[in-house]
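Notes follow once the structure below has been shown.
Chain identifiers are assigned alphabetically (A, B, ...) following the order of the sequence lines, protein sequences preceding nucleic acid strands; residue numbering begins at 1 within each chain. Predicted model only: the values in this text are computed from it and were never measured.
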There are 2 protein chains.
Amino acid sequence: MTKKSIPSPRTKRPPEPDPACGQAEHAQVPLRVVVDPEALKRASEIFRALGDPARLRILTLLMAGPRCVTELATDLNDNLPAVSQRLKLLKSERIVSNRRQGKHIYYALLDEHIAQLVMTGLSHAVEDIPGIRRPTAKSLPD
Amino acid sequence: MTKKSIPSPRTKRPPEPDPACGQAEHAQVPLRVVVDPEALKRASEIFRALGDPARLRILTLLMAGPRCVTELATDLNDNLPAVSQRLKLLKSERIVSNRRQGKHIYYALLDEHIAQLVMTGLSHAVEDIPGIRRPTAKSLPD
DNA sequence: CACACACTTAATAGATTGATTGAATGAGCA
DNA sequence: TGCTCATTCAATCAATCTATTAAGTGTGTG
């Protein structure tokens, strides 16, 4: 039963620190932004989960409301198992939730957080596209 | 010279669509959230780049201001080449920028976007941690 | 009760990723 | 100019991830 999900980065970190620059070339600011390691890990997990076009697309679909797997697969023009697995992964990462409704199983975004995060990422992404066609105003289709 | 960086999802997508549920079991809402594919791709790239604890940590350090590679490596307690490669990746994803200052090369977050995205992710992550000690007060179940 | 539908699970194989070591580049300095 | 420091480059290798096909589970229905 190989649970797990997105955790493990190739892993193997803490060697011995190098002597580094030396004395005090750069102002010795402690700085120490030190985000709680747990938060850091969780955040990276979430980011990683969003870091795949297929998964992200699923999430954008889900932003419009709950949908069942078949529906998603149809919209994405993809296999059922594939979509199912992605949903499973997203669920294990606590990004979506599923609920059985009669014959179907509806998936939905778990939080408002997620929706907001996705939107934030997308909107920032739009502004960062190399060769952009930026609809100046608000992409208001007819 | 295998450039590239984070793009390629395992690749191989568009098979033939399954007949799907059938007639009209679920209201046939077109819905069409259709985020520009480019934006979708870019967003997923960014997310993926943030989706690693080590890289994310680097970014949190950079949120406090530019730092050189050695400094980062020292703070992260990690090898120079490792840090350098991560920075290279982050740079290729247009997430950080580097600038030579005398003997050192200082890296910094490229955008305010990135900083905001990181912060958003982190703050949301904090709220989603299973066993949390939540500083703020919101749904404070006791 | 048996069939069909909706979805999940299993297992394999391909591909990508990232760590690691050692060498190379480039700038400052004696 | 030669040397040292700071950083990058290159290539290998292990580990992980995802796609894919086929079989399994469970629910509703005739």
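Counting to the nearest Å, the P atom of D/dT8 and the CG atom of B/Leu72 are 10 Å from each other. As rounded to whole Å, 11 Å separates atom P of C/dT21 from atom CG of B/Asp78. Remark: P of D/dC17 and NZ of A/Lys88 are 13 Å apart, rounded to the nearest angstrom. Distance, B/Glu93 CD to C/dT17 P: 10 Å, rounded to whole Å. Computed from coordinates, the A/Asn98 CG to C/dA6 P distance equals 17 Å when rounded to whole Å. One atom, OH of B/Tyr106, and another, P of D/dA6, lie 11 Å apart when rounded to the nearest Å. Rounded to whole Å, atom C1' of D/dC9 lies 13 Å from atom CG of B/Leu80. Straight-line distance from the CD atom of B/Glu45 to the C1' atom of C/dT16: 15 Å, rounded to whole Å.
Between A/Arg48 and A/Glu45, no side-chain nitrogen of the basic residue sits less than 4.0 Å from a carboxylate oxygen of the acidic one, so the salt-bridge criterion is not met.
Going from atom CG of B/Leu62 over to atom CG of B/Leu90 covers 8.0 Å, rounded to the nearest 0.5 Å. Between atom CZ of residue A/Arg57 and atom CG of residue A/Asp78 there is a gap of 9.0 Å, rounded to the nearest 0.5 Å.
In this view, B/Pro81 and B/Asn79 satisfy the side chain to side chain contact (heavy atoms under 4.5 Å, CB included) rule, not counting sequence neighbours. Contacts of A/Gln116 classified as side chain to side chain contact (heavy atoms under 4.5 Å, CB included), with partners at least two apart in sequence or in another chain: A/Thr120, B/His124.
Tracing side-chain contacts under 4.5 Å through hydrophobic residues (I, L, V, M, F, W, Y), one never reaches A/Leu110 starting from A/Leu89; they form parts of separate clusters.
In this structure, the side chains of A/Ile95 and A/Arg55 stay at 4.5 Å or more apart for every pair of heavy atoms.
Of the candidate nucleotides D/dT8, C/dG18, D/dT20, C/dG18 has the atom nearest to the side chain of B/Leu89. The B/Arg55 side chain lies nearest to C/dG18 when the options are D/dT8, D/dA19, C/dG18.
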Tabulate atom names and distances for all N/O pairs under 3.5 angstrom spanning the protein and nucleotides 23-28 of chain C.
| unit_1 | atom_1 | unit_2 | atom_2 | d |
| --- | --- | --- | --- | --- |
| C/dG28 | OP1 | B/Gly102 | O | 3.4 |

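For A/Asn79, no side-chain nitrogen or oxygen approaches OP1 or OP2 of D/dT21 to under 4.0 Å. For the pair A/Tyr107 and C/dA6, the criterion of a side-chain N or O lying under 4.0 Å from OP1 or OP2 is not met.
Put simply, the side chain of B/Gln85 and the base of C/dT20 share a donor and an acceptor less than 3.5 Å apart.
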